[in-house]
Structure formats: C-alpha cells, structure tokens
Amino acid sequence: MIAEVIVDLSNESVDKIFDYKAIEGLQKGQMVRVPFGNKVIEGFCIRLKDSTDVPADKLKSVFDIITPEPVIKQNLFELANYMKTAYHLRMVDILRLFLPAEMRGGRVHEKVQNFVVLVDAYKQNDAAVDIRKNAYQQHNLLCYMRANPVADYTKVCQTFSRGAVTALQQKGVIKVVEKFVDRRPKVYDVEAKNVKLTETQQQVLNAIFANKGGKFLLHGVTGSGKTEIYTRVIEDCLKNNKTAIMLVPEISLTGQVMANLTSRFGDSVAILHSGLSSGERYDEWQRLRSGKAKIAVGVRSAIFVPLENIGAIIIDEEHDSSYVSESNPRYNTHEVAEFRASLDGATFILGSATPSLETYQRAVNGELQLLTMTERVNKHNMPKIYIVDMCAEVSRGNTSPFSYKFQDELQKCVEAKNQAIVFINRRGYSSFMRCTECGYVAKCTDCDVSLVLHKEDNQLKCHFCGKRFKVLTKCPLCGSDKIRQGAIGTQRVVEELKKAFPNVPIFRMDNDTTKKKNSHIEILRDFAQHKPSILVGTQMVAKGHDFPDVSFVGIIDADMSLHFSDFRSNERTYQLITQVAGRSGRADKEGIVVLQTYSPKHFVYRKAVENDYKGFFEKEINLRAVTNFPPFSKMVRLLFVGDDELRIKENLSSVYFKVKDLLKNYGSDVYYLEAMNSPVKRIQNKFRYQILMRYKTALHNEIIQKIYSIVDQNKDKKVSIFVEINQQNLS
Ligand code: ADP
Ligand code: ZN
Ligand code: ZN
C-alpha cells in the first residue's frame with residue numbers, strides 16, 4: 001500500500017502530496033511521522049492507494065504512526081477539498097484547523113489522576129478487616145470508602161492521612177488506581193431553566209422541524225428567546241442520535257448562552273474558545289472525537305470539530321464580524337458551515353437580532369427560510385432610545401463627555417439600585433496625543449497608526465502591534481508643552497464616572513482588562529453581584545449578556561463607527577446600537593438608552609430608535625444596489641505585505657496589469673479596480689499595499705480562480721500576497 005502524506009511544514013514550497021510506503025495498520029486520517037530530507041517530521045495520511053509513480057528505489061517508508069486512531073474523519077476531508085478550491089488555501093493549513101494545535105508535535109497529553117478504590121470483597125459492612133482498635137483514621141477511612149467506593153486520592157490523604165491510606169492499601173482493602181480525567185472549561189453557573197415555549201417560539205420551532213435539513217434565518221429581536229429555540233433544536237438532534245454544532249462570537253461564550261446550554265446538556269457539551277488552556281482544549285476536542293460529547297459550542301473554529309452525523313449547525317449572532325477569518329488561513333465561516341451542513345443534511349440556522357445585509361438579502365431571495373420573532377419573551381417593550389445632539393449640548397455649556405440626559409438617567413438608574421452599561425468603542429484613555437502648536441501626533445515607530453494613551457500604566461500603546469512608548473510631556477518636534485489628548489476611551493470614562501458616582505462600583509471590560517484567562521467571567525460575575533453598579537466597556541459589552549437588572553444603557557459616541565470609510569459602516573452602527581441597547585430592560589424593568597451623537601438626524605439612528613430593522617434594511621440595500629457594493633458585488637482585496645517596499649511595488653504592478661487584462665473581458669460587470677497603499681501603510685515594520693476590486697457576484701466563482709492563478713504566477717519569497725473576499729476589516 002502507498003500512503004499519500006501532507007507533511008506538517010508551513011513552508012510555501014511544500015504544499016504537495018508526498019507518497020510513502022504504508023506500514024502495517026495505517027489508516028487514512030491518522031497522523032504519522034515520515035522521513036523528509038534528512039529529518040523525520042510529522043504529517044497527515046490523507047489517502048491510501050495501490051500504486052505510485054515514485055520509483056521503488058526512491059520510495060521511502062512511513063516511519064511510524066502517531067495517533068492510534070484516525071484524527072481526521074472522512075467528512076472533514078470533503079470539507080478540506082471544498083476550502084482548498086474556494087479559498088486557495090494550502091492543504092496543511094486546512095488540516096491544522098481540524099486539530100487542536102496541541103495535538104501536533106505531541107505537546108499535550110491526557111491528564112492522569114490517582115483514585116482510591118474499595119476492593120469488592122470489603123464492600124459489605126460486616127466484612128472482616130484487621131485494623132487495630134485505636135487506628136481511628138483507618139476505621140474512619142474504611143467507613144468512608146464503604147459509602148464512597150471511588151474517591152480522589154489526594155483528598156482522601158488530606159482527610160484521613162497518607163498513613164491510613166497506605167495501611168489499608170497494604171492490607172489489600174483498597175487499591176490506588178490511575179484514571180484519565182477530562183479537564184473541563186469553566187462556565188458561568190446557572191440553574192437549568194425549564195421554560196414553556198411562547199406561541200411564537202413554538203411556531204418557529206414547528207417551521208424548523210417541518211423542514212429538517214433546511215436553511216433558516218432566525219430574525220428575532222434581542223430578548224425574543226432565540227437561545228431557547230437553538231436549545232430545542234439541539235435537544236431534537238440528541239433525541240435522534242445526531243450531533244450538533246453551535247457557533248457564537250467569542251465573548252458570548254462567557255455569558256449565559258453558554259451556561260444555559262451546559263446546564264441543559266451537561267457533559268454532552270464541549271466548549272471551544274480561545275480562553276481555554278491547552279489541556280482543556282485538547283480534552284474537549286477528544287471528548288468530541290470519541291463521541292463522549294455530541295454538541296460543540298464554540299467560536300468560528302468550532303466549525304471544524306470532529307463530529308459525524310451532524311443534525312444541526314447554528315450560527316448565533318450571525319452578523320458578527322468575527323466569523324470572517326482576518327488572518328491566514330482566511331475563510332468565511334458561513335460558507336464553510338453551510339457546506340458542512342449540506343454534507344450531513346443538517347439543518348442550518350443563522351440567528352440574529354440584526355442580520356447582516358448579505359444574509360437578510362438571501363432570505364429575501366428565498367435562499368434562506370425567514371423566521372421572525374418581533375416581541376420579547378416577556379412582552380415588554382423594546383428599550384426606549386433617546387438621541388442626544390452633542391453639538392447642542394456643547395452650546396448649552398456642557399463640556400463633560402456625558403450629556404445632561406445621560407447624567408439624569410444614570411442617576412435615576414443608580415438611585416433605583418439598578419445596573420447600567422456604558423458603551424464606548426475605544427479602549428485606553430484617549431485616542432491620540434497631539435501637539436496643538438505644530439500638529440505633531442505621536443505614532444508607532446513600526447506601524448502607520450497613532451498611539452493610544454493608557455493612563456493606568458502611564459504609557460502610549462500601539463493597538464496594532466502592542467508596542468509601548470513613553471508618554472509625551474513635550475512635543476519632540478517643536479518643544480511645546482501644549483499636548484492635547486484626543487477622543488476619550490474606556491479608562492477616561494471610568495475616571496469621569498468615578499468622580500460623578502464615587503459610591504457606585506464601576507467595572508471595566510475591554511481588551512486590556514480581559515487578557516487573563518476567565519477574566520471575562522469574573523468581571524461579569526462581579527458586575528452581576530453588585531446593585532447598583534456600572535459596567536463600562538467596548539463592543540464586548542454589546543453581545544449576548546442577559547442581565548435582568550440593567551435598566552440604563554449609555555452610548556458615549558455613537559458616531560465612532562458611522563464615519564468609518566467602509567461600506568459597512570451604516571450596517572455596523574445599526575447593529576451595534578441595537579445590540580447594546582438590547583442589554584437594557586430585559587426582565588421586568590423598563591429599559592432606557594441614551595445615544596450621544598453629532599449627527600442626530602442620520603437615518604441609521606432614526607431606524608434604530610424605531611427598532612425598524614426592515615426599514616433600515618430597505619434603505620441600506622438600495623444604497624448598496626445603486627453603488628454596486630456587496631451583496632450585489634463581490635469585493636476582493638489582494639493584500640501585499642513585505643519588508644522591501646520596492647519589490648512589493650514591482651510585484652503589485654505586475655499583478656495589477658494581469659488582473660486588469662483579465663477583468664477587461666467582463667466589461668461593465670466589473671465595477672471597480674484600483675491599486676494603492678493599504679489604509680494602514682505599515683504594520684510591524686512591514687509595508688502594505690493592495691489591489692481592490694469589485695465585480696458582479698454571479699461571476700465570482702469563475703473570476704476568483706483566475707485571480708488565484710495570477711497570484712500563483714507572481715509568487716515571491718519576499719512578498720506575501722493574501723486574497724481576501726468581502727473582508728470585514730480593511731486595515
Ligand atoms: P435572545 O437570544 O433572543 O436575545 P434569550 O434566548 O436570551 O433571547 O431569551 C431572553 C430571556 O428570556 C432569557 O432569560 C431566557 O431564559 C428567557 N426565556 C426564553 N424563552 C422563554 C420562555 N418561553 N418562557 C420564559 N422565559 C423565556
Ligand atoms: Zn509641536
Ligand atoms: Zn505598532
């Protein structure tokens with residue numbers, strides 16, 4: 001037998017299949033070690049076949065097998081082939097997605113723990129054991145073991161002394177054995193709720209069950225009980241001996257969504273997110289592979305879990321930008337999930353209170369069955385949103401970051417011993433430091449971006465590469481000490497709120513405060529335990545949390561995402577406002593939202609206030625149609641990155657002319673093509689250039705393959721070219 005092997009090297013030149021002589025017992029999907037050059041390296045056996053073109057004297061043999069069983073199952077090979085074609089990825093990069101990183105290189109192993117076990121013959125209470133009368137510890141231990149025949153060794157030793165354990169062990173009464181234990185991730189504790197479905201929920205569920213294997217968009221306002229729908233769908237999968245995958249944005253995992261699922265399904269759920277330790281991730285993955293766990297809940301990479309016979313794939317908060325991978329390997333989770341669902345005939349559900357325009361348009365076109373829930377479970381009104389014109393505020397003499405309305409409502413909320421969430425989409429203290437004399441702005445030396453002041457550690461930080469710099473007291477250009485700070489961030493908001501509400505606990509949740517493992521959970525738990533209290537945070541506070549006592553939400557600067565020069569900025573802003581606002585008034589309390597803006601008349605705000613997603617959609621989709629932006633076009637970016645600017649430019653122009661030649665053939669179906677600097681010209685000392693294009697969506701499959709081959713022709717060790725499709729973030 002011949003084994004086709006993909007070697008586990010991330011070197012551009014070896015994206016190839018190598019043939020080796022198979023060894024006894026080798027199966028497709030196992031990891032192996034193979035001789036390669038003068039080394040032995042790891043690889044994946046992706047196929048077994050009878051013959052090879054490699055001459056017998058050149059054919060080497062597989063060295064050994066690493067994994068006792070196949071770790072990549074058949075359905076994932078099909079997925080890999082799909083991804084290879086759609087995204088032009090190297091096979092080894094795809095296969096790596098399918099395994100926990102810890103699996104490769106044998107870096108993590110099962111955790112072994114010692115247990116004390118009572119020997120059968122001594123289980124009867126009257127079974128004779130020879131223990132001295134005054135050896136109390138031994139008597140007590142025996143008594144304990146009769147009630148608990150298996151117990152943790154360390155704990156038993158602590159309680160009854162190691163001597164007692166050893167004595168009974170020597171008498172043959174107990175045994176000490178090793179067992180594998182699963183390391184389980186921490187989740188927020190809640191009690192399993194047993195709710196009776198509302199009529200709307202029941203109708204939605206009936207529609208899903210009437211069309212199993214179908215594709216759905218569940219559009220339900222925040223608090224409409226979408227999670228309950230997902231739970232019932234998953235329950236139905238288990239009942240029919242099937243498995244399920246549910247994807248959520250990173251941060252929701254620490255929230256109650258996760259806790260609810262775990263309380264309902266216990267050990268059948270495996271959780272996968274970036275906050276796990278490598279041991280936890282490895283064990284959760286193994287539990288899925290071995291069939292102990294049948295439900296995978298996780299961030300986008302959980303779409304690659306080793307489950308078979310999948311009954312449902314659910315993407316919650318489907319509009320979230322984290323579903324598009326922004327670094328290599330780049331892929332679109334929706335597409336991958338939909339393909340995977342089709343392989344197993346699984347029900348495919350996208351859910352959101354604010355669906356992405358692309359997705360909603362698919363529902364309008366009939367590609368997805370639209371299910372709508374317009375009311376909150378508790379029949380309460382959606383939160384009331386007040387728009388505050390900050391220009392007017394300034395002319396009334398208010399120079400604080402908080403409008404009078406904001407201050408009033410927050411005051412009322414605190415007095416009623418409720419909770420408040422204050423949202424500001426910028427971490428740190430202030431956005432930049434600028435010299436008011438000469439206009440100098442402090443910038444990162446490695447990236448072309450301005451630095452952010454972090455007052456707590458009294459440093460300027462680069463949010464792209466993390467590099468730190470000393471705070472400016474004098475302008476390095478003109479020597480002036482008139483240094484001003486730019487727009488405010490989370491730290492500054494906390495500082496100001498502390499002045500105004502010295503006795504109210506204030507918590508901050510942003511990238512800086514959540515670096516440590518489980519810190520999300522801890523911040524949210526602390527927040528939950530204090531009333532009144534205020535939670536200040538970035539986008540992280542917008543997603544998926546369900547705090548019944550939050551009655552006020554303040555949005556400091558709603559315009560921040562509106563004036564981004566990105567075709568999605570209206571959509572993003574609408575989503576963000578609706579999601580943040582949706583944290584308010586979820587239980588039996590009326591929710592109030594104060595939205596501060598300098599463009600109070602903008603239609604996005606009007607639609608958000610009216611809670612009119614459809615109205616927003618119709619207006620925005622028209623704009624997209626007129627301007628030929630997605631979903632009416634595909635937007636492709638070729639990103640060129642490297643150290644040598646001249647070389648990048650040469651490569652860029654060579655690719656550009658080839659692409660131009662190619663797109664000429666499609667006439668007016670090509671809407672845009674341009675080569676230029678990237679918006680951020682340099683990150684971590686690497687130069688960045690781009691070619692941007694847009695063309696009619698229907699042409700995508702044809703054009704993209706031709707673009708891939710142009711990129712291949714221009715391969716250059718010194719210039720990396722990344723192909724991005726409908727990218728979420730163009731920095
Ligand atoms: P969504 O995901 O749509 O924002 P959730 O699923 O979080 O909404 O539901 C909001 C709240 O309503 C949660 O606390 C949930 O436990 C509760 N809930 C959901 N369905 C019901 C029901 N049928 N009866 C009572 N409470 C429910
Ligand atoms: Zn200056
Ligand atoms: Zn930097």
Side-chain angles (χ1 to χ4, degrees), residues 190-205 218-233 246 248-249 252 255-261 263-264 314 316-318 349 351-355 371-380 382-383 433-452 459-469 472-484 542-550 578-579 581-588 591 680-686 688 731:
V190 293
E191 269 172 53
K193 273 192 208 166
N194 216 340
V195 300
K196 189 174 174 305
L197 294 182
T198 64
E199 210 169 298
T200 317
Q201 283 174 323
Q202 190 61 58
Q203 280 165 5
V204 163
L205 211 54
L218 175 55
H219 176 212
V221 297
T222 51
S224 59
K226 295 185 289 296
T227 313
E228 191 58 35
I229 303 279
Y230 306 146
T231 313
R232 301 284 172 126
V233 169
M246 177 163 157
V248 293
S252 313
Q256 293 91 332
V257 174
M258 204 43 250
N260 282 331
L261 287 170
S263 69
R264 196 81 64 105
I314 297 161
D316 187 28
E317 311 277 1
E318 71 83 27
I349 305 175
S352 175
T354 51
L371 306 167
T372 315
M373 301 203 288
T374 53
E375 281 189 347
R376 288 188 154 181
V377 171
N378 56 16
K379 300 274 177 205
H380 274 196
M382 297 303 292
M433 289 190 102
R434 172 190 285 153
C435 167
T436 52
E437 294 280 310
C438 75
Y440 168 86
V441 173
K443 283 194 168 183
C444 176
T445 51
D446 295 351
C447 313
D448 182 41
V449 295
S450 45
L451 297 169
V452 179
Q459 275 176 328
L460 296 171
K461 287 188 197 168
C462 170
H463 281 191
F464 271 87
C465 72
K467 212 167 172 171
R468 292 141 184 262
F469 300 84
L472 299 180
T473 46
K474 261 198 337 210
C475 172
L477 282 190
C478 73
S480 157
D481 57 2
K482 294 208 178 95
I483 304 282
R484 247 195 48 195
K543 293 171 194 167
H545 313 299
D546 189 15
F547 290 110
D549 292 311
V550 171
T578 309
Q579 297 287 339
R583 301 308 114 211
S584 180
R586 287 175 75 88
D588 43 7
V680 182
K681 291 181 203 123
R682 206 159 46 102
I683 294 180
Q684 288 187 302
N685 258 333
K686 289 195 187 299
R688 300 158 62 84
S731 49

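Counting starts at 1 for both ligands and their atoms, following the listed order.
- Pro476 places a side-chain heavy atom less than 4.5 Å from the side chain of Tyr440.
- For ligand 1, one of its N or O atoms has an N or O atom of Lys196 under 3.5 Å away.
- At a threshold of 4.5 Å between non-hydrogen side-chain atoms, the residues Val221 and Met373 do not count as touching.
- Contact of the Glu318 side chain with the Leu218 side chain is not registered, since no non-hydrogen atoms from C-beta on lie closer than 4.5 Å.
- Taking the side chain as every heavy atom from C-beta outward, Cys475 and Cys438 approach each other to under 4.5 Å.
- Lys467 and Asp446 are joined by a salt bridge, as a carboxylate oxygen and a charged side-chain nitrogen come within less than 4.0 angstrom of each other.
- For ligand 1 and Thr198, the ligand atoms under 4.0 Å from any heavy atom of the residue are 23 (N).
- Here Met382 contributes atom CE and Thr578 contributes atom OG1; the two are 8.0 Å apart, rounded to the nearest 0.5 Å.
- Within the listing of ligand 1, atoms 4 (O) sit less than 4.0 angstrom from a heavy atom of Thr222.
- Close approach of ligand 1 to Val221 (heavy-atom distance below 4.0 Å) involves ligand atoms 3 (O).
- At a heavy-atom cutoff of 4.0 Å, ligand 1 is contacted by both the backbone and the side chain of Thr227.
- Inclusion of Val377 in the set of residues having an N or O under 3.5 Å from an N or O of ligand 1 is not warranted.
- For Gly223, the closest heavy-atom approach to ligand 1 falls below 4.0 Å.
- Remark: ligand 1 and Ser224 share an N or O pair separated by less than 3.5 Å (distance only, no angle test).
- Residue Asp316 does not touch ligand 1, judged by heavy-atom distances below 4.0 Å.
- Proximity of Arg232 to Leu197: side-chain heavy atoms (C-beta onward) are separated by under 4.5 Å at one or more points.
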Between Arg376 and Thr222, does the side-chain hydrogen bond (donor to acceptor under 3.5 Å, both in side chains) criterion hold? Intermediate values first, please. CA-CA 7 Å; Arg376 288 188 154 181; Thr222 51; 3.3 Å; yes
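- Here the side chains of Tyr230 and Met246 are in contact, with some heavy-atom distance below 4.5 Å.
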Should Arg434 and Ile483 be marked as a side-chain contact (heavy atoms from CB on, under 4.5 Å) after you check the CA-CA gap, both sets of side-chain angles, and the distance that decides it? CA-CA 6 Å; Arg434 172 190 285 153; Ile483 304 282; over 6 Å; no
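- Less than 2.8 Å away from the Zn ion (ligand 3), the protein contributes these N/O/S atoms: Cys444 SG, Cys447 SG, Cys462 SG, Cys465 SG.
- Excluding waters, the set of protein N/O/S atoms under 2.8 Å from the Zn ion (ligand 2) reads Cys435 SG, Cys438 SG, Cys475 SG, Cys478 SG.
- With Glu228 contributing its side chain and Gly225 its backbone, the two residues share no donor-acceptor pair below 3.5 Å.
- Between the side chains of Thr200 and Glu375, no donor-acceptor pair is found at a separation under 3.5 Å.
- When Gln579, Lys226, Gln201 are checked for heavy-atom proximity to atom 3 (O) of ligand 1, Lys226 turns out nearest.
- Side-chain contact between Pro249 and Glu317 is present, with at least one heavy-atom pair separated by less than 4.5 Å.
- Going from atom CG of Leu371 over to atom CD1 of Ile349 covers 8.0 Å, rounded to the nearest 0.5 Å.
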